[in-house]
Amino acid sequence: MPSLSEAFRTHPVYLHHKHHSDFNSLQQYLPDSYAWTQQDSDAYADTNDKSVPVIDLKEPNAVKLIGHACRTWGVFQVVNHGVPMKLFTDIQRACLALFSLPLHQKLKAARSPDGVSGYGRARISSFFPKLMWSECFTILDSPLHLFLQLWPQDHAKYCEIVKEYEAAMKKLAAKLMCLVLASLGISKEDIKWAGPRGEFNGACAALHWNSYPSCPDPDRAMGLAAHTDSTLLTILHQNNVSGLQVLKDGEGWVAVPPLAGGLVINIGDLLHILSNGLYPSVLHRVRVNRSWQRFSVAYLYGPPTNVEISPNEKLVGPGRPCLYRSVSWNEYLGTKAKHFNKALSAVRISSSVNGLFDVKEDQNNDFQLG
């Protein structure tokens, strides 16, 4: 079975910005390489008071609430999800320890162009002419080799934190998949790789740590440019510093404020395909601020890399034709590497259903940074 790492080796990303910045030395001014145009940084500015749905997973009507949030937002926050608060404290401590290391130390665990694991810039950086005010660290499989480079003496405790966090996220992701599918009228028996108890043991995932340092000119900088995820869904933990925004159809950018003990769940492109466009993958971005450093940890969750994802047959019929062809995560990552936010268009069969166009395609055509 192809692994997620093999998918990235097949589709390397060569960033046109070769250097890595020491953000500690850039606190007095914003270099031109990081200065986005006013139009780019202000486009669809967050000026409304809309709020992303918050769903208590212990609510009896959680499935219905999740379905409505997925259909109208493509994103929601969850509470009472069962993940111990201690894990959030521990993973934040690990993030702070990693991103506080001197640059030369972090570069010992640098990610290669054809790799997914390690320290570097966001892979989407290659699609934009300006740099983003952020750094990231991705973990696929065991972090032992990378952590040995970063913490020769203390690597074991950080490996244990990652192991516990990933186990909790895997369990929660399977639960969320069952709830999301149920909201579509799909049972775990309809998904061959779900397993007899809906444990989704064959799923692939990566853990992605982000740091957004304080910025001397946040109005002209961009932490992470607008994009959708190639996942089924993404589970995001953010510290207590705001910055995440999602694009709400017809409303513009809406802030997703940190919620104590809460997790942000956003729909990715593969779930968009599986739902036959009913649940749109959400465009999101991150802004930075002048005073505080922001951390986030994203659990990027998808199917086994060689499993074909296509619109579920229960969501296809005379009134709603199949919108997308079958595609594996491995293949879709290559499509994403080539077409970026237009990747859904590249695997689309039809552009409209009874006059209703694919939501994400309209958004991607209307909004392009850079």
Side-chain angles (χ1 to χ4, degrees), residues 8 11-46 99 103 106-107 110-116 118-138 208-230 243-247 252-253 269 281-290 293-294 296 298 332-346 360-370:
F8 281 93
H11 312 293
V13 173
Y14 297 95
L15 302 183
H16 49 273
H17 302 288
K18 299 296 184 183
H19 67 284
H20 291 273
S21 298
D22 181 357
F23 289 101
N24 290 328
S25 67
L26 300 178
Q27 291 300 307
Q28 301 303 316
Y29 72 98
L30 185 75
D32 180 67
S33 57
Y34 286 94
W36 292 58
T37 67
Q38 196 71 23
Q39 180 182 4
D40 286 340
S41 58
D42 286 347
Y44 290 90
D46 177 19
F99 290 116
L103 180 60
K106 288 183 284 192
L107 289 176
R111 183 180 63 229
S112 63
D114 60 350
V116 60
Y119 173 79
R121 300 190 183 282
R123 288 176 63 89
I124 67 171
S125 298
S126 61
F127 294 97
F128 298 93
K130 295 293 185 177
L131 289 170
M132 299 173 205
W133 196 264
S134 60
E135 52 187 337
C136 65
F137 192 90
T138 304
H208 191 69
W209 301 5
N210 300 289
S211 169
Y212 305 92
S214 56
C215 180
D217 193 354
D219 291 338
R220 293 197 302 139
M222 182 65 68
L224 191 62
H227 67 286
T228 63
D229 293 341
S230 66
L244 177 63
Q245 297 176 335
V246 297
L247 189 61
W253 289 105
D269 293 348
S281 57
V282 65
L283 271 169
H284 52 287
R285 69 181 186 183
V286 177
R287 303 306 308 269
V288 293
N289 70 75
R290 193 180 304 275
Q293 183 172 19
R294 180 177 185 272
S296 68
Y332 190 75
L333 285 169
T335 303
K336 193 85 169 186
K338 182 178 180 180
H339 298 288
F340 189 40
N341 280 346
K342 293 185 180 296
L344 280 172
S345 300
K360 191 53 54 191
E361 173 64 8
D362 288 343
Q363 289 180 349
N364 288 345
N365 282 338
D366 292 342
F367 183 76
Q368 287 291 319
L369 287 177

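The first residue of the sequence shown is numbered 1, and numbering continues consecutively from there.
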Quick one: do Met222 and Val288 satisfy side chain to side chain contact (heavy atoms under 4.5 Å, CB included)? Show the steps, please.
-> CA-CA 7 Å; Met222 182 65 68; Val288 293; over 6 Å; no
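- Nearest heavy atoms, Lys338 versus Phe127: O-CE2, 4.1 Å.
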Would Leu333 and Ser230 satisfy side chain to side chain contact (heavy atoms under 4.5 Å, CB included), going step by step from the backbone distance to the final call?
-> CA-CA 7 Å; Leu333 285 169; Ser230 66; 3.4 Å; yes
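- Considering only residues two or more places apart in sequence or on other chains, Thr138 meets the side-chain hydrogen bond (donor to acceptor under 3.5 Å, both in side chains) condition with His208.
- Ring geometry for Phe128 against Trp36 counts as tilted: the plane angle lies between 30° and 60°, on a 0 to 90° scale.
- Closest approach of Phe99 to Trp209, counting heavy atoms only: CZ-O, 3.7 Å.
- The residues Arg287 and Asp219 are annotated as not salt-bridged, no charged nitrogen and carboxylate oxygen being separated by less than 4.0 angstrom.
- Looking at heavy atoms from C-beta onward, Leu244 lies out of side-chain contact with Ser296 at the 4.5 angstrom threshold.
- Here SG of Cys215 is found 8.5 Å from CG of Asn289. Values are rounded to the nearest 0.5 Å.
- Side-chain atoms of Arg285 do not come within 3.5 Å of backbone N or O of Leu224 as any donor-acceptor pair.
- In this structure, the side chain of Lys130 engages the main chain of Asp32 through a donor-acceptor pair within 3.5 Å.
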Does the pair Thr228 and Asp269 meet the rule for a side-chain hydrogen bond (donor to acceptor under 3.5 Å, both in side chains), with working shown?
-> CA-CA 7 Å; Thr228 63; Asp269 293 348; 3.0 Å; yes
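- Not counting sequence neighbours, the partners of Gln293 by the side-chain hydrogen bond (donor to acceptor under 3.5 Å, both in side chains) test are Ser211.
- Side-chain contact between Tyr34 and Asp217: absent, with no pair of heavy atoms (C-beta onward) separated by less than 4.5 Å.
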Take His284 and Asp229 through the test side chain to side chain contact (heavy atoms under 4.5 Å, CB included) and record every step on the way to the result.
-> CA-CA 9 Å; His284 52 287; Asp229 293 341; 3.4 Å; yes
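- No donor-acceptor pair under 3.5 Å is formed between the side chain of Asn210 and the backbone N or O of Gly223.
- At a threshold of 4.5 Å between non-hydrogen side-chain atoms, the residues Val286 and Met132 do not count as touching.
- Scanning both residues, Ala122 and Cys136, for their nearest heavy atoms gives N-SG, 3.7 Å.
- Side chain of Trp133 to main chain of Ser214: a donor-acceptor pair is present (N/O by atom type, distance under 3.5 Å, no hydrogens or angles).
- Taking every heavy atom of both residues into account, Phe340 and Ala226 meet most closely at CZ-O, 3.7 Å.
- With values rounded to the nearest 0.5 angstrom, Leu30 atom CG is found 5.0 Å from Arg220 atom CZ.
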